[in-house]
Amino acid sequence: MNGIKDRVAIIGMGCTKFGERWEASAADLMVEAAYEAYADAGIEPGDAQAAWLGTVSSFRTGQPLAEALKLDYIPITRVENACATATDAFRNAAYAVAAGIYDIVLAVGVEKLKDSGFSGLAVPEAPGSDVTPPTPPPSQFAMAATRYFHQYGITYEEGKRTLAQIAAKNHHNGTLNSRAHFQQEIGVDQVINAPMIAWPLGLFDCCGVSDGAAAAIITTPEIARSFRRDYVLVKALALSVGAFGAIRSDWDFTHFPETVRASQSAYQEAGISSPREELDMAMVHDCFTITELIIYEDLGFSPRGGASQDVADGSFTLEGELPVNTDGGLKCFGHPIGASGIRMIYEVYKQLQGKADARQLGKADLGLTHNLGGRPGSFTCSVAIFGAAE
Amino acid sequence: MAGIIAHGAYVPRFRLGPDTAGWMASTERAAANFDEDSVTMAVAAGLDCLGNRDRNAIDGLIFASTTVPYAEKQGAAIIAAALDLRQDIFTADVTDVLRAGTTALRSALDSVVAGAARQVLVVVADSRQGAPRSDTERNAGDGAAAFLLGRDDVVAEFTGFHTITENMLDNWRSSGDSFVRSWEDRFATEEGIERIVPEAVEGFLQKYGLNLQDVDRVALYGPDARRHGRLATSMGLDSQQVQDPLFGSLGNTGAAFPLMLLVSALESANADELLLAISYGDGSDVLAFRTNSLVNRARPGAGGLHGHLKSRSAIASYETFAKWREVWLTDDAARRPAPSSPSVSALWRESNKNLRLYAGRCNACGYVQYPPQRVCVNCRAMDETSPVRLSDKAGEVFTYSMDYIAGAVDTPLVVSVVDFVGGGRIICMMTDRELEEVEVGMPVAMSFRKLRVVNGIHNYYWKAIPRRFGAPAGQQVGG
């Protein structure tokens with residue numbers, strides 16, 4: 001296995017303003033993201049030889065991307081892989097370049113969620129017997145929080161405070177990002193006292209629901225050098241799909257094996273042995289604050305049961321040892337499902353180029369993105385690692 | 001000799017009573033939760049009756065109720081699956097009249113006497129609805145009784161019967177009516193129950209050459225406490241002969257009522273007592289049983305009628321009850337999309353998983369997994385599973401959430417991960433819970449409930465409930 005490390009590069013990216021984009025259709029969002037990416041790369045709209053479109057519920061095929069961008073009869077594949085959709089669209093596009101099939105390809109992730117008329121997620125399900133309990137995502141992750149508190153002897157008050165600090169951190173980062181849906185500070189007590197959504201998770205423990213799109217132009221490192229010096233190299237692309245958790249009565253609900261497996265695979269591909277020391281940043285899937293807490297441990301940033309202490313120590317703030325969700329995360333961007341993964345890559349890309357505005361980190365050579373789709377017990381998890389050009 | 005082998009009962013946990021804000025009576029009545037109906041209560045009573053008995057010995061199931069879920073589609077078939085009975089059994093619904101319970105019991109006994117069946121299970125349940133704030137609503141109760149009937153090992157022998165059938169429109173409910181209608185009370189009482197029931201009892205006594213004094217206890221139907229008392233007095237029954245009708249704690253449970261009182265009598269009867277169960281509706285059934293020395297043996301450990309009556313919680317407010325009965329409409333449209341119809345082919349395919357609540361135990365490695373898997377989650381053995389019934393296994397909550405946005409009734413929705421003694425884990429809703437009792441490690445039992453009605457399909461499944469009684473024998477956690 002040769003792996004993907006240093007075999008493909010990103011030369012341009014785009015990311016729309018995320019939010020309740022009442023005025024924009026999914027096609028409008030794709031145009032916005034793609035044209036920013038074209039301009040950033042310095043390519044013409046006709047230069048992409050193939051495209052991958054990530055969307056969960058906005059479109060069923062790749063064709064709407066062709067129609068929106070007037071792509072010229074090129075191959076387009078729609079990718080749908082839960083919350084890892086965008087990253088998986090990127091992954092498939094990158095593999096096609098690495099295989100030598102294409103020189104320049106386009107990966108776009110988009111989701112238009114706010115036309116549903118519902119404040120939460122309204123993703124249709126296939127016909128079935130409908131006997132499984134209605135568990136919207138907050139309820140599913142609340143079960144992980146309940147068990148995490150229980151397993152580590154954390155009181156409700158202690159646990160809520162830890163989770164609130166994660167929410168407050170991400171909101172602070174979001175204030176420094178003009179593309180974020182939410183750009184205001186929230187206080188720890190405000191998070192703790194917010195209305196309950198799914199006990200023990202309150203309103204500010206949950207990410208928002210929003211519209212958005214992001215795009216990437218992917219090519220080989222050789223071609224990338226002819227476009228720009230500050231291209232970004234793909235160091236690892238990992239995907240782990242779980243099959244066991246929910247059915248096994250010996251699974252603990254306090255770690256997500258899919259994240260562990262995907263990150264181990266990615267670290268190996270990228271040649272990373274001490275992620276906490278070697279990585280400069282991580283954009284992780286903070287759909288809920290408890291998810292981010294558990295991710296710290298699953299990615300090997302914190303020891304098992306030790307994430308709360310790291311949160312208390314500020315290890316993952318912008319000024320911390322390993323800044324996490326520097327752009328504000330899902331917490332501030334919301335989670336247009338098919339777009340989020342490439343939105344995370346966009347932040348790493350900008351940080352590695354030194355173009356992250358007020359959020360810019362001092363040292364930014366190696367960054368990770370992470371998506372977790374599904375529910376505790378059966379996730380689809382993507383972990384990707386990117387590095388600055390040599 | 002044909003008779004009763006075992007008996008059981010079910011009374012919902014929740015009660016309207018003095019602790020219910022906005023309830024107009026000072027007395028209590030049992031009220032089915034929002035996810036309970038006659039089918040689910042019949043299943044619960046059936047489980048209470050069967051205990052650890054061999055369910056494969058049962059040759060027939062008769063379900064009696066005036067509140068069956070379907071006009072076309074059998075309730076007994078649903079109950080038989082939920083109780084995990086054999087498929088080659090006789091099943092029937094007896095419905096449309098308050099006499100349905102005794103009619104079902106008599107039919108079952110007839111088939112046992114005739115030798116057509118060795119054991120027949122009768123489950124009778126009702127959840128009749130009165131208009132908001134009506135006398136019917138105040139006096140009604142929800143509940144169920146169950147009897148296992150057969151020829152061997154009976155605790156009370158079936159010793160006689162008498163029936164009068166008379167077409168009588170004193171109470172009625174037409175298709176499409178939500179509430180029971182009644183004619184003028186004085187007519188209904190004087191030309192109805194107070195004339196017909198004594199005639200039936202007199203006919204019974206004459207038929208068997210008995211005097212009223214020969215009867216030890218009477219499980220007597222009556223619409224409410226006042227009329228029940230008047231009826232008993234008018235028949236010349238001594239107060240010691242009248243089984244406590246439980247008005248003020250249970251309420252008139254319709255077709256189930258006289259049979260729940262019969263269960264109550266059996267729970268405290270001595271050997272060699274003559275018990276009568278008397279129903280009323282388009283006539284009257286009188287059924288007679290004589291207890292024998294085994295009567296103590298059929299008594300439930302902690303459940304039964306009186307166990308269930310003692311296990312109770314007040315409904316906080318009349319508003320809650322009105323929402324359960326859908327007379328107080330709620331708008332949850334802005335929260336979630338309306339549910340689509342369940343797929344009937346999927347329901348059929350998953351019947352063993354959903355209704356019989358079968359997990360699979362891997363024949364190769366022994367791992368118990370729910371839902372059953374073609375490929376073992378532990379050892380990947382393929383198509384090597386044996387069914388394990390989880391519905392009667394004790395469980396413990398491993399983790400849970402309380403969802404405040406999932407719906408408008410029973411908020412917050414408690415979703416629990418339950419681990420079973422002996423293996424297996426299920427993610428299911430928890431019902432019949434007080435929020436303060438929900439915690440990791442809490443002991444739970446499984447209870448058959450109605451999830452929702454969509455497209456006219458009543459979709460039933462199992463939920464966890466806080467254990468109302470101790471763990472089933474041999475299932476203590478860690479034991």
Side-chain angles (χ1 to χ4, degrees), chain A residues 57 116-151 153 156 194-203 205-206 242-254 288 290 375-378, chain B residues 333-337 339-351 353-355 367-371 373 375 377-378 397-407 412-417 419-420 423-425 427-430 435 438-441 451-452 454 457 459-463:
Chain A
S57 58
S116 75
F118 301 102
S119 51
L121 278 179
V123 180
E125 301 209 341
S129 62
D130 290 351
V131 299
T132 49
T135 47
S139 183
Q140 294 163 6
F141 286 89
M143 290 193 280
T146 299
R147 190 66 201 182
Y148 190 97
F149 293 176
H150 177 84
Q151 179 167 320
Y156 172 81
M196 201 56 81
I197 300 294
W199 191 96
L201 302 178
L203 181 65
D205 289 303
C206 309
F244 302 99
I247 300 165
R248 292 199 65 112
S249 44
D250 49 4
W251 176 56
D252 59 15
F253 263 84
T254 59
F288 302 94
I290 181 64
R375 59 190 166 81
S378 59
Chain B
R335 296 178 159 187
R336 305 294 303 167
S340 55
S341 170
S343 163
V344 170
S345 48
L347 288 172
W348 169 78
R349 196 164 58 235
E350 296 176 12
S351 184
K353 168 178 97 67
N354 297 347
L355 301 182
Y367 205 90
V368 178
Q369 41 213 298
Y370 183 89
Q373 302 291 307
V375 179
V377 72
N378 191 51
V397 170
F398 183 77
T399 188
Y400 65 94
S401 68
M402 299 193 282
D403 188 341
Y404 284 80
I405 57 169
L413 173 70
V414 178
V415 180
S416 53
V417 177
D419 288 344
F420 292 97
R425 169 179 285 188
I427 301 177
C428 63
M429 288 182 257
M430 186 187 292
L435 289 184
V438 180
E439 61 181 5
V440 172
L451 296 183
R452 61 189 77 83
V454 182
I457 296 167
N459 199 359
Y460 294 96
Y461 190 55
W462 296 84
K463 296 183 181 180

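Within every chain, numbering begins at 1; the chains are lettered A, B, ... in the order of the sequence lines, protein sequences first and strands thereafter.
- Put simply, CD1 on A/Ile197 and CE on B/Met402 are 13.5 Å apart, with the number rounded to the nearest 0.5 Å.
- Residue with the most contacts toward chain A among B/Val440, B/Val454, B/Val414, B/Val344: B/Val440 (heavy-atom pairs, distance under 4.5 Å).
- Of the two parts of B/Tyr400, the backbone and the side chain both hold a non-hydrogen atom closer than 4.5 Å to a non-hydrogen atom of chain A.
- Considering only heavy atoms from C-beta on, A/Pro134 comes within 4.5 Å of B/Leu413 through its side chain.
- For the pair A/Trp199 and B/Tyr404, the tightest heavy-atom approach, listed with the atom from each and the gap, is CB-CE1, 4.2 Å.
- Heavy-atom distances place the side chain of B/Glu350, and not its backbone, under 4.5 Å from chain A.
- A/Pro133 approaches B/Cys428 most closely through the heavy-atom pair CG-CA, 3.7 Å.
- Using a 4.5 Å cut-off between heavy atoms, A/Thr135 touches chain B through its side chain atoms alone.
- Within the 3.5 Å criterion, the main-chain N or O of A/Arg147 finds a donor-acceptor partner in the side chain of B/Thr399.
- A cation-pi arrangement is present between A/Arg248 and B/Tyr367, with the terminal nitrogen or guanidinium carbon under 6.0 Å from the aromatic centre and inside a 45° cone about the axis.
- Taking the side chain as every heavy atom from C-beta outward, A/Arg375 and B/Ile427 approach each other to under 4.5 Å.
- Summarising the geometry of B/Ser340 relative to A/Asp130, their closest heavy-atom pair is O-OD2, 3.4 Å, with the distance given to 0.1 Å.
- Using a 4.5 Å cut-off between heavy atoms, B/Leu451 touches chain A through its side chain atoms alone.
- Contact of the B/Tyr370 side chain with the A/Ile247 side chain is not registered, since no non-hydrogen atoms from C-beta on lie closer than 4.5 Å.
- B/Lys353 has its side chain within reach of A/Val131: a pair of non-hydrogen atoms, C-beta onward, lies under 4.5 Å apart.
- The closest side-chain heavy-atom distance from B/Arg425 to A/Asp250 is not below 4.5 Å.
- For B/Ile457, no part sits under 4.5 Å from any heavy atom of chain A, backbone or side chain.
- Among A/Asp252, A/Leu201, A/Thr146, the residue making the largest number of heavy-atom pairs under 4.5 Å with chain B is A/Thr146.
- Here A/Ser129 contributes atom OG and B/Asn354 contributes atom CG; the two are 4.5 Å apart, rounded to the nearest 0.5 Å.
- Taking A/Gly377, A/Ser139, A/Pro138 one by one and counting their heavy-atom pairs under 4.5 Å with chain B, the maximum is reached by A/Ser139.
- For the set B/Ser341, B/Ser345, B/Pro342, the count of heavy-atom pairs under 4.5 angstrom toward chain A peaks at B/Pro342.
- Residue contact with chain A, scored on non-hydrogen atoms closer than 4.5 Å, is absent for B/Glu439.
- With a 4.5 angstrom heavy-atom cutoff, B/Arg452 touches chain A only via side-chain atoms.
- Among all heavy-atom pairs drawn from A/Ala142 and B/Ser401, the shortest one is CB-CB, 3.4 Å.
- The shortest side-chain heavy-atom distance between A/Met143 and B/Val417 falls under the 4.5 Å cut-off.
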